Student: 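Below you will find the structure I want to go over with you.
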Amino acid sequence: MNRSKGKLLPSGLYVYAIFYLSFIYIPILFIPLFSLNDSKYVSFPLKGLTLAWYQDMINNPSMINALMNSFKIGLTVSFLSTILGLLTAKAVTKYRLPGKLPIIGFMLTPLVIPEIILGISLLILLSIINIPLSLVTVGFAHLLLCVPFSILILIARMENFDKSMEEASLDLGENSWMTFWRVTFPIILPGIVASLLLTFTISFDEFVLAFFLSSTEQTLPIYIWSSLRFPSKLPPTLALGATIFIASFLIITFSEWLRKRGANLRSQSSI
């Protein structure tokens, strides 16, 4: 019996993949390494291993406040942008809207406007209407930037599932709200999770808009940028970067495990 076999990737693609991944991840791996270095300066050879910089990070109220500010803005923006993106995606994919393509293009405009232009224009607008700069203005700017990403993700997700399942639920007597929660929501849940993660990441590490629209309350990227001028503040910053990197890796690994576990359960139940 002849069995079809997949073609092996050419060796050139393997070399390219190894080079690409090394170019991306090797610089990131230096952050945890130098966060353990018993020296204020980033250089080889290492002078020793220490956890003192992690203690300095914990005992640094300015850094912790900036971290909490970024967390609060990121969580709020990811939640709101995903809700707005979900409502927009549902309207675009379910109803016939006159001028649908121009409307979608207009909503995606922030993706192609340079952030420095967007930041300056928002700063001028806020100064005209006398709204003081704060974390709220930063969050509003991040929301303006993140909603288009959420729309793109959720439109792609909602266009790729069988609409007859919703129609069957409605035919069986469920109302629109319960049909959404019992049928639509479980199907588009991976897209919702992807939207939450992506928009949180974009908001958490966004610098340009926060630079123009923040006041005395700093976000984490602004704090890190201001700390780079002082060598003594660099090691605790590296410790914070290593902590965020490890936490992000664990969260992504756990979410991928949940996704695969859910897919396995669905495949077993279908059998």
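From a predicted model like this one, the values you see are computed outputs, not experimental measurements.
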Student: Quick one: pull up NZ in Lys72 and CG in Leu135 and give me the separation to the nearest 0.5 Å.
Tutor: 6.5 Å
Student: Do you reckon Ile131 sits in the same ILVMFWY cluster as Val136, going by side-chain contacts under 4.5 Å, direct or chained?
Tutor: no
Student: Measure the shortest side-chain to side-chain distance between Asn65 and Glu217 over non-hydrogen atoms and say whether it is less than 4.5 angstrom.
Tutor: no
Student: With sequence neighbours left out, write down each residue that passes side-chain contact (heavy atoms from CB on, under 4.5 Å) with Phe79, or none if nothing qualifies.
Tutor: Ile83
Student: Do other residues, nucleotides or ligands put more than 12 heavy atoms under 6.0 Å from Ile116 CD1?
Tutor: no
Student: Let me confirm one number: the CD1-CG distance from Ile64 to Asn59, rounded to the nearest 0.5 Å.
Tutor: 9.0 Å
Student: Identify the heavy atoms of Leu144 and Pro148 that sit nearest to each other, and give their distance.
Tutor: O-CD, 3.3 Å
Student: Under a 3.5 Å threshold, yes or no: a donor from one side chain and an acceptor from the other, between Thr82 and Ser195?
Tutor: yes
Student: Can you tell me how the ring of Phe207 sits relative to the ring of Trp225, calling it parallel under 30°, perpendicular over 60° and tilted otherwise?
Tutor: tilted
Student: Scan residues 121-143 for pairs that pass side-chain hydrogen bond (donor to acceptor under 3.5 Å, both in side chains), counting only residues two or more places apart or in two chains.
Tutor: His142-Ser203, His142-Glu206
Student: Can you see which heavy atom on Thr201 is nearest to which on Asp205, and at what distance?
Tutor: O-OD1, 2.8 Å
Student: Does the side chain of Thr88 reach to within under 4.5 Å of the side chain of Val147, using non-hydrogen atoms?
Tutor: no
Student: Any link between Ile129 and Leu213 through a network of hydrophobic side chains (Ile, Leu, Val, Met, Phe, Trp, Tyr) touching at under 4.5 Å?
Tutor: yes
Student: If you define the side chain from C-beta out and look only at heavy atoms, does anything of Tyr223 sit under 4.5 Å from Leu240?
Tutor: no
Student: Locate the shortest heavy-atom distance separating Leu122 from Phe140; write the atom from each residue and the value.
Tutor: CD2-CE2, 4.3 Å
Student: Within the 4.5 Å heavy-atom criterion, are Tyr54 and Thr243 side-chain neighbours or not?
Tutor: yes
Student: Does a side-chain heavy-atom distance below 4.5 Å link Ile24 with Tyr20?
Tutor: yes
Student: Without swapping roles, check the side chain of Thr219 against the backbone of Ser70 for a donor-acceptor pair under 3.5 Å.
Tutor: no
Student: My understanding is that only residues two or more places apart in sequence, or in another chain, count here; which of them pass side-chain contact (heavy atoms from CB on, under 4.5 Å) with Leu152?
Tutor: Leu108, Leu111
Student: Where is the tightest heavy-atom contact between Pro110 and Leu145, given as atom of each residue plus distance?
Tutor: O-CD1, 4.0 Å
Student: Hey, any chance Leu126 and Ile124 share a hydrophobic cluster, counting ILVMFWY side chains that come within less than 4.5 Å of each other, even indirectly?
Tutor: yes
Student: Just verifying a value: how many Å separate Leu123 CG and Ile128 CD1, rounded to the nearest 0.5 Å?
Tutor: 10.0 Å
Student: Does a side-chain heavy-atom distance below 4.5 Å link Asn69 with Val138?
Tutor: no
Student: Under 3.5 Å, is there a donor-acceptor pair between the Thr199 and Ser78 side chains?
Tutor: no
Student: Answer with yes or no whether the hydrophobic clustering places Leu143 together with Ile113; edges join I, L, V, M, F, W, Y residues whose side-chain heavy atoms lie under 4.5 Å apart.
Tutor: yes
Student: Is there a path of hydrophobic side-chain contacts, each under 4.5 Å between heavy atoms of I/L/V/M/F/W/Y residues, joining Leu198 to Val112?
Tutor: no
Student: Do Leu67 and Phe204 come close enough that some side-chain heavy atom pair is under 4.5 Å?
Tutor: yes
Student: Do Phe245 and Leu29 touch side chain to side chain, with heavy atoms closer than 4.5 Å?
Tutor: yes
Student: Would a distance-only check, ignoring hydrogens and angles, find a side-chain to backbone donor-acceptor pair under 3.5 Å from Ser150 to Ser81?
Tutor: yes
